[in-house]
Amino acid sequence: MSEKKRKIHIFDTTLRDGEQSPGASLTPAEKVKIAKQLECLNVDVIEAGFPASSPGELEAVQMVAAEVRRPIICGLSRMIPRDIDACRKALEKAKRKRLHVFLATSQIHRQYKLKKDKKEILQMAVQNIQYAQKDFRQIEFSPEDASRTEPKFLVETVAAAVDAGATSINVPDTVGYAIPEEFGDLIHLLIRKVPVLGREVVLSVHCHNDLGLAVANSLAAIRAGANQVECTVNGIGERAGNASLEEIVMAIDTRRDFMDCYTDICSREITKTSRLVSHLTGMIVQPNKAIVGRNAFSHESGIHQDGVLKKRQTYEIIDPKKIGLSGSQLLLGKLSGRHAFRERVKKLGFALTEKEIDRAFARFKALADKKKYVFDEDIEALLEEGVVRVPETWELNYLSVRTESGKPPHAEVRLKFKGEIRAASSEGDGPVDACYKAVERITQSGAKLIHYGIQSVTSGKDAQGEVIVKLAVSGKEVTGHGTSTDIIEASVKAYLFALNKRLSQMFPQGTVGPSPV
Ligand code: KIV
Ligand code: ZN
């Protein structure tokens, strides 16, 4: 790392402000799990919770403090001794600890929430910072709603907090009100008036996303001289959330030419961390979310896919491997071109001639006109149906399903095998299950159904249903595909297709005996 570049400290508050997302509460064990992953991500500070808020929260912070050793563990506290004492207790076992005290400074909060004047606010801040010094060497002070505080009073409060012993000053845009240029100017002003900020005293920012500007405001603050950002994984948090950790980190990394700073985050852990947080909090990541959304590295248009295949950087500014993904994703659909299709066919293990590719591509385009996405199973089925011929060892001859309310469905199936009709019937949990059981009684294949998917491939009343199944047969997985206007028939056809395919692999020269599988 170049000597000139500044390090930006990543203060993660997923377990405190992130947990304030409506519906996202975490058990102490879940907090520890996330904190351990944040340690792998190499964040500098973990704000583990607000210990005075409940005994369970205090216990959760205690557990994180005892089990996570590398990052600084921080606890949040109001400006009252009872809260500070709760933090002391919660952080007793921490290897490195920080107290984070906050007190609102804006006029609206002073008047309506705290009912205190400026003098009282200043006094409260100074007294409690001094009180905290008996137990804490690292004390962070946040003038809550800083971006709506009169700049002169903000400077006065920050200077008083530094004089009283605060080692970090955090500037919160509590209600996500700031605009990047304006927020950057506020940071410049604070540094000008209190020159230790961003040097001996850490200068931090904490931005909310009410106007969708949390990351932009954080980056503007960094450019203006802030050297710590508070953020959450997936941007979760109170209301519209907090600045997203992964977006800030990857913006700094991708635009290091412009940002001229760095973080110590191990970016390969980003995807894993995002998935863990989403899973444990139940907060689903929107598909188009930058960096960690399902679509963030997916390309749909044929022009883009062709470009990415020729040179990834034509349409991708981040290498997906950098955030722990295996690579870019080309979604095959009606906009995809021949190049992407040929690559996928190769990846699926098919060696086709150019002529075969032409035929398969025409069939693929016809299918893509009917369905939004063409998945790998569809392509396999399409290639096997149209290019690779599968002998119909077992052929559907007759099918009837009886359903009566209150009774399990009953299926009667007849299959043709070497010119001979074999029949069986069965009940099942549903009509498809009854048919599959009857097919199994006849074929004795021992197949296990691994995947069953159904969709309509045409529209209207006589829509064709398309079923794709994946079976495990004699130690191998095979896919099968069946279409019909009757979805039960399509289901049986798909099952038989997969069985016949497996038979053709096991007995390539049509040597299938009387007990085929
Ligand atoms: O948004 C906010 O102001 C906060 C403070 C406690 C830092 O979360
Ligand atoms: Zn906040």
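We count ligands from 1, going down the list as the structure has it; atoms in each ligand are counted the same way. Atom set for the values below is all heavy atoms of this structure, side chains included, hydrogens, waters and symmetry mates excluded. Throughout, residue positions are numbered sequentially from 1 according to the sequence presented.
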Enumerate the pairs of nitrogen or oxygen atoms, one from ligand 1 and one from the protein, separated by less than 3.5 angstrom; state names and distance to 0.1 Å.
unit_1	atom_1	unit_2	atom_2	d
ligand 1	1 (O)	H206	NE2	3.2
ligand 1	1 (O)	H208	NE2	3.0
ligand 1	3 (O)	T174	OG1	2.6
ligand 1	8 (O)	R16	NH1	3.4
ligand 1	8 (O)	R16	NH2	3.0
ligand 1	8 (O)	D17	OD2	3.1
ligand 1	8 (O)	H206	NE2	3.1

> Who passes side chain to side chain contact (heavy atoms under 4.5 Å, CB included) against E144, sequence neighbours left out?
Replying inline: F102, A104, H109, K113, T174
>> Among residues at least two apart in sequence or on other chains, which ones pass salt bridge (Lys or Arg N to Asp or Glu O under 4.0 Å) with E343?
In response: K346
> Any donor and acceptor pair, going by atom type alone, linking the side chain of Q138 with main-chain N or O of S168 inside 3.5 Å?
Replying inline: no
> Counting distance only, does the side-chain N/O of R6 pair as donor-acceptor with the main-chain N or O of A226 below 3.5 Å?
Replying inline: yes
>> Using a 3.5 Å distance criterion without hydrogens, assess whether the side chain of K322 forms a donor-acceptor pair with backbone atoms of S267.
In response: no
> Which atoms of the protein, restricted to N, O or S, are nearer than 2.8 Å to the Zn ion (ligand 2)?
Replying inline: D17 OD2, H206 NE2, H208 NE2
>> Checking the side chain of E246 only, and the main-chain atoms of V233 only, is there a donor and an acceptor separated by less than 3.5 Å?
In response: no
> Would you call the rings of H299 and H304 parallel, tilted or perpendicular, where under 30° means parallel and over 60° means perpendicular?
Replying inline: tilted
> Could R110 and F153 be counted as a cation-pi pair, given that NZ or CZ must be under 6.0 Å from the ring centre and within 45° of the axis?
Replying inline: yes
>> Would E92 and Q62 count as a side chain to side chain donor-acceptor pair (under 3.5 Å) here? Give the steps.
In response: CA-CA 8 Å; E92 245 155 24; Q62 271 175 333; 5.2 Å; no
